[in-house]
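Below is one structure, written out as structure tokens, with a few remarks after it.
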Amino acid sequence: MNMMPYIENLELLKQALTHRSFLNENNLSLDLSNQRLEFLGDAILELWIRKELFLRFTEMNEGELSQMRTQLVCSACLAEIAKNIDLGKYLILSKSEESQGGRANEKLLANTFESLVAALYLDQDYQAVNAWLLALMEPYISKIAEAKQFKDSKTILQEMAQEHFQSLPVYSVLSQEGSEHNKTFVVAVKINGKQISKGSGKSKQKAEIEASKKALKILEKRFIRNGDKQANALE
């Protein structure tokens, strides 16, 4: 679908879509990039999501609301929404950034989406932002709530380990490869000293999340196989 917001001020719209790489490539002022708009959009989006969750889910405590908020504002979620509105094809990038897949870059798309939020706010008002975000993010809010996905995989694994093994998961970096700005981390997660799974990612956090997701699948299969016998689940 294409649900790009209507922004009357074309200069403001252009700035929201302009990545600093384009300005660097053309020796233009970095003040014309979308970084300042991203700063404002991040705050507006954060406020909107907190308000929506607070009013919708009156039965949830602060921790659960925070976990839902984290999933909704993460780069992966915002990038998915950005892809749904074909935001990538409108980006103003350098040739180098485009050749490296910039139009599909998760972080870049998420940041530009936040810039658009700010541009719409400045061009119109908060009500316009509210209507646009409701249309875009309603399915994601409902999906997370219905699937009870407001707890991230690391939190779920921690609760499972405490309940069944009276222990906490321990994450350790097994290796890291690549240049300083393009590293890949491999992380293992252990419970009671026994390695359950490994995960990889471009940051320690992403590697830990992947490891925790794999660990949950492994442990759930073992519980089913062993008839929920904790003693055998780590074998």
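Basis for what follows: all heavy atoms, side chains included, without hydrogens, waters or symmetry-related copies.
No side-chain N or O of Asn34 forms a donor-acceptor pair with one of Thr18 less than 3.5 Å apart. In this model, no donor atom of one side chain and acceptor atom of the other lie less than 3.5 Å apart for Asn130 and Tyr121. Side-chain N/O atoms of Lys190 and Ser172 include no donor and acceptor closer than 3.5 Å. For the residue pair Ser142/Glu138, the side-chain donor-acceptor check at 3.5 Å is satisfied. Judged by distance alone, the side chains of Gln100 and Ser96 do bring a donor and an acceptor atom under 3.5 Å apart. Checking Gln176 against Lys183 by side-chain atom types alone, a donor-acceptor pair falls below 3.5 Å.
The two residues Ser200 and Thr184 come nearest to each other via the heavy atoms CB-CG2, 4.4 Å.
Figure legend: cation-pi geometry between Lys154 and Tyr171, with NZ or CZ positioned under 6.0 Å from the six-membered ring centre and within 45° of its axis.
The same ILVMFWY cluster, assembled from side-chain heavy atoms under 4.5 Å apart, contains both Met3 and Ile44.
Rounding to the nearest 0.5 Å places CD1 of Ile218 at 14.5 Å from NZ of Lys213. Rounding to the nearest 0.5 angstrom, the gap separating the CZ atom in Arg50 from the CG atom in Leu72 is 11.5 Å.
Ring-centre distance between Phe54 and Trp48: not below the 6.0 Å cut-off.
In Lys14, the NZ atom is not crowded: 12 or fewer heavy atoms of neighbouring residues, nucleotides or ligands sit closer than 6.0 Å.
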